[in-house]
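Take a look at the structure below.
Predicted model, so just to flag it, every value in this text is computed and none were measured.
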Protein chains: 2
Amino acid sequence: MTEPPRPRPATLKDIAMAIGVDISTASKVVNGGGISVRPETRKAILDEAARLNYRPHALARNLRTRRTGALGVLLPDLTNPIYAATIRGAVRRAEALGYVTLVAEAQDDAASASIYAKLVAERRIDGFIIAVAAQNDLIAAIDAQPVPHVFVNRRATIGRSVTVDDEAAARLAAHTLIAAGHTRLGFIGDSDEMDTARRRRAGFLAVAREAGLPPVVDAVGPYSRRGGYEACLKLLAAKPRPTGIFASNLVVGISALAAARSSGVRVPDDVSMVTLDFEDANYSAPPLTAIAMPLDEMGTLAVEELHAMIEGREPKDVVVDVAPTLISRASVAPPPRE
Amino acid sequence: MTEPPRPRPATLKDIAMAIGVDISTASKVVNGGGISVRPETRKAILDEAARLNYRPHALARNLRTRRTGALGVLLPDLTNPIYAATIRGAVRRAEALGYVTLVAEAQDDAASASIYAKLVAERRIDGFIIAVAAQNDLIAAIDAQPVPHVFVNRRATIGRSVTVDDEAAARLAAHTLIAAGHTRLGFIGDSDEMDTARRRRAGFLAVAREAGLPPVVDAVGPYSRRGGYEACLKLLAAKPRPTGIFASNLVVGISALAAARSSGVRVPDDVSMVTLDFEDANYSAPPLTAIAMPLDEMGTLAVEELHAMIEGREPKDVVVDVAPTLISRASVAPPPRE
DNA sequence: GGAGATTAGGCAATGGTTTGACCAATTCGG
DNA sequence: CCGAATTGGTCAAACCATTGCCTAATCTCC
């Protein structure tokens, strides 16, 4: 028994008038709210609501309750697999918690700030997941109009953040190379201004130092395909050339491998390589040994923390760490004999 | 612990009372609406609005105007670079047009339908960009509650769609291989149930037929890394082995290359390979010759079309095609001598 | 039989903005 | 100088759902 297509979605008023009760009664019944109603009245309302496929008008409800049921997500680049994976976790969890997700891409600090300011001023969201750097303009915007927010994969002096344990990942990478027998290590990372890069560098260098190895050759280039390619070229030109390299970013790992190949350097025969994991690492030549970062979980946890803040629950701690794990593939071997 | 005085965002009422005019007057002035006001009154209102950093409460406005200023985006997988690129174009254009973007991921038809139904019934959006297959449940959901929508990279019998010219891309790939001297061609694609795969296959096979070549070896595997890997293995095992392969999907191209390498087949010495382009294709070994699909523009155009529909302008046509282009890199060479 | 409690549900304010209808005072045309 | 037009606004309804406060009727219990 199909209804003829209803032009206008049903409202509480439709239900109330059909049954002959007050709108407020209908509201209280459909919300299961604290009111006493005769069972038959209740049933009639519920039946009618179901028949009309009633859904509360989100805007009207939100206007009244001062909750939007929406979460904002601010990130620098949708096409970067790192953010994509994080956001997927976030979006899924948000949906499970009943939120809708509002995604915005911001190229720079100024854009981040203006998007933040706009969404908050228009009261479109209950909270913000922020995956861009916590810089001046953005911090000012947050200060001016604070709403619950959590930084993801970015530590911030302001608010709270959810990150993976970058330092542990880097340590694991160093241990992997050292365990294979390497002593001359190389590191490819972004500038220390980027806090994830800084933590990874710190972890990697610390392990090398603890192991009493000669200084790590450190190539800094931006976390991009081009940056990784060129940084790796620099590393391979160093004398003596490092035999074990940690490319401290997913995208950089792939392009570093391309750089090695184009220089005629064999992996893993001539140099071993460890990177951070994503699916592509399994389909490179050779497949890359990598450290898996639970980005999905990071996104999930970020939303959970944010939800807790919105609900007013006092957050338990400031950083949630999820342990990285090693995925051994084929890009690590003992160093070549000299 | 006293909360820092969280200033409640300014409302029209605040402005109106400060100046001593009616709320409706303030509203009309800030909206530049059709009302005659003395210049000094106007200035006072505008100044006060600026001073208070007034922004209309989106929910309240939307409730009244029956416009949400939000666009929904429905896609199957955020981490797939194809969708990521499309969505980026869409999100950017949406922002430029003053919309916010609400992103949802749907694993299957049922999930798509339920997300569609929910967002529409709650009246959270003005229109939908749909990047998932137009299947039964989803179509039923759209029928039940139609709102402006455009399918992107998916043709649908219902509504309108924006796609890239898949067939032209496939033709270009075929011509590229043929021009290099190949006669035994191979094709890697998804099942014909997927309309993009079908169009690409059709274009590729048509060119081969027109050129009077022997039948194309056709390997169907899902558009995924694993699918591409295994499909390529099948192709390489065929007798006679094709010397020119078109991997008709970005992700499949990379994994097909890995499959070739792991089988000891050299690219381009033993077999040439063309795929669809994305940035990673430039950092593979060898860099892949590829057909660039303007995914970004597709997303952009999709939003523009949707916007036009929402505005009530009659859409001009059903399919917007953007021409694909060839990017020559290093994975195509003449076929080996026998 | 009457005070008090309980039941079942109505009333009206509220949230912030938009918009068509209306109105008083001034200006203008003739 | 009279009627009409313009100027510079105001009023109130509407959008839809939520929620604290009320009330009328019935029921309970001594």
Completion exercise
Applying side-chain hydrogen bond (donor to acceptor under 3.5 Å, both in side chains) to A:Thr68 and not counting sequence neighbours gives A:Asp126

Handout entry: Mutual orientation of the aromatic rings belonging to B:His149 and B:Tyr116 [parallel < 30°, tilted 30-60°, perpendicular > 60°]
Key = perpendicular

Problem - Between D:dT10 (P) and B:Ile19 (CD1): distance, integer Å - result: 12 Å

Problem - Axis deviation across the helix from C:dG1-D:dC30 to C:dG30-D:dC1, five-pair ends, to the nearest 10° - result: 50°

Exercise for the section: Would you mind checking if B:Arg51 and B:Glu48 are paired as a salt bridge, meaning a charged N to carboxylate O distance below 4.0 Å? Expected result: yes

Exercise for the section: Before accepting this row, confirm whether a basic side-chain N of the pair B:Lys43/B:Glu40 lies closer than 4.0 Å to the acidic partner's carboxylate O. Expected result: no

Strictly under 3.5 Å: I want the nitrogen or oxygen pairs between protein and nucleotides 6-8 of chain C, one per line.
{"from": "C:dA8", "atom 1": "N7", "to": "A:Ser36", "atom 2": "OG", "distance (Å)": "3.2"}

Problem - A:Arg123 side-chain N/O to A:Ala121 backbone N/O, donor-acceptor pair under 3.5 Å - result: yes

Exercise for the section: Run the salt-bridge test on B:Glu311 and B:Arg67 with the 4.0 Å N-O cut-off and return the result as yes or no. Expected result: yes

Practice task
Treat primed atoms plus P, OP1 and OP2 as sugar-phosphate and everything else as base, then score nucleotides 16-24 of chain C 5' to 3': B for base contact with protein heavy atoms under 4.0 Å, S for sugar-phosphate contact only, - for none.
Solution key: BBBBBB---

Problem - A:His57: partners by ring-ring contact (aromatic ring centres under 6.0 Å, His included), with sequence neighbours left out - result: none

Problem - Length of the CG-P vector between A:Asp14 and D:dC16, whole Å - result: 9 Å

Practice task
Compute whether any side-chain donor of one residue and acceptor of the other, for A:Arg61 and A:Asn31, lie under 3.5 angstrom apart.
Solution key: yes

Handout entry: Polar contact flag, side-chain donor to acceptor under 3.5 angstrom, B:Thr163-B:Arg155
Key = yes

Handout entry: Qualifying residues under side-chain hydrogen bond (donor to acceptor under 3.5 Å, both in side chains), relative to A:Glu193, sequence neighbours excluded
Key = none

